Amino acid sequence: MGIGLYKTVVICFLGLTISGCANVRWSHPAPSSELVQEVANDIYGIKYEKDYIATVEEPATQEEFDQIMNNPPTKETRGIGLVARVEDETFLMAGYSTHFYKLGLNSEKDYARYNIEDKPAIGYKYAYQGKITGIAFQSPHMAMSSNDRTSLILRTTPISAFQVKIFYEDNTSATFEFLSSTLSTRFGGGFKLTPLSYFDGWLLIDHSYYSDTFTLSGPYNK
């Protein structure tokens, strides 16, 4: 056996051995139809936004949603969200949130990207309409099976921009359209975040370990 062929056989053997000893995470499973149906049953409706220490979402009425969305918020205004089917795979999500991390607004640089001021704010209103194109596990290499209880990504084609209006504590406001970013591996190690000039339609579906339910959280921040 030639040296080159010998090396090839050894490499292939090692690859098979490693794959055989590894768990099912190598398979990158897709969510099962049963899991997709469960997610759909959970995310649609009107609910108050969970506090950081809350374990379950509290249902809300259309009247409560309209009251919050049609009036300027205060520091006491609760977060609320609506997710509704429009037709076929088209859906609408709108609401008011106090969780700015969902928009990836964590530093002065993040605010500068949208040309808005980084100053004390109380919350933001949002609205988005899109067409569902698919669903996948957020970390498919970590999913143990097609029914894994973990966060997912809802892939959509935007019909309208993901519109945001921030309300500051000084009674001013600012509006912008959310923009996505791509995350890639950096040569030599680490990752590189590249801002995009558009919203890619990817949305995060959070899974609650405590209530074992799914929530459409907002844009997926890579």
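If you're wondering where the values come from, they're calculated on a predicted model, not measured in any experiment.
The line from CD1 of Ile68 to CD1 of Ile46 is 10.5 Å long, rounded to the nearest 0.5 Å. Remark: Thr150 OG1 to Ile205 CD1 distance equals 11.5 Å, nearest 0.5 Å. Between atom OG of residue Ser211 and atom NZ of residue Lys50 there is a gap of 5.0 Å, rounded to the nearest 0.5 Å. Considering CH2 of Trp202 and CZ of Arg155, their distance stands at 4.0 Å, rounded to 0.5 Å. With rounding to the nearest 0.5 angstrom, the CG atom of Leu105 is 6.5 Å from the OH atom of Tyr114. Atoms CG and OG, from Leu179 and Ser197 in turn, are 7.0 Å apart once rounded to the nearest 0.5 Å.
Asp110 contributes a side-chain N or O that, together with a main-chain N or O of Ser107, makes up a donor-acceptor pair within less than 3.5 Å. For Tyr128 (side chain) and Gly201 (main-chain N/O), no donor-acceptor pair under 3.5 Å exists by modelled atom type. Side chain of Glu34 to main chain of Asn147: no donor-acceptor pair is present (N/O by atom type, distance under 3.5 Å, no hydrogens or angles). Between the side chain of Ser180 and the main chain of Asp200, a donor-acceptor pair closer than 3.5 Å is present. With hydrogens and angles ignored, the 3.5 Å screen pairs no side-chain donor or acceptor of Asp206 with any backbone N or O of Ser151.
Judged purely by distance below 3.5 Å, without hydrogens or angles, the side chains of Ser160 and Gln129 never pair a donor atom with an acceptor atom. There is no side-chain donor-acceptor pair under 3.5 Å between Glu57 and Thr213. Using modelled atom types, one finds no donor on one side chain facing an acceptor on the other under 3.5 Å when comparing Ser145 with Asp148.
Considering every non-hydrogen atom in both Tyr96 and Ile122, the closest pair reads OH-O, 3.2 Å. Heavy-atom minimum distance, Leu154 versus Ile132: CD1-CG2, 3.8 Å. Across all non-hydrogen atoms, the minimal contact from Lys102 to Asn221 is O-ND2, 2.7 Å.
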For residues 167-174, which side-chain N or O atoms pair as donor and acceptor with protein atoms under 3.5 Å away, sequence neighbours left out?
unit_1	atom_1	unit_2	atom_2	d
Tyr168	OH	Glu117	O	2.6
Asp170	OD1	Thr172	N	3.1
Asp170	OD1	Thr172	OG1	2.5
Asp170	OD2	Lys119	NZ	2.8
Thr172	OG1	Lys119	NZ	3.1

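Residue Phe199 forms a ring-ring contact (aromatic ring centres under 6.0 Å, His included) with just one option from Phe162, Phe176, Tyr220, and that option is Phe162.
Within 6.0 Å of CD in Gln62 there are more than 12 heavy atoms belonging to other residues, nucleotides or ligands.
Between Thr156 and Phe91 there is a side-chain heavy-atom pair separated by less than 4.5 Å.
Remark: Arg78 does not engage Glu64 in a salt bridge, criterion side-chain N to carboxylate O under 4.0 Å.
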Determine whether Phe214 and Arg149 satisfy the following criterion, side-chain contact (heavy atoms from CB on, under 4.5 Å), listing intermediate values before the conclusion. CA-CA 9 Å; Phe214 296 91; Arg149 320 299 293 179; 3.9 Å; yes

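Classification of the Tyr101-His99 ring pair by plane angle, with boundaries at 30° and 60°, yields parallel.
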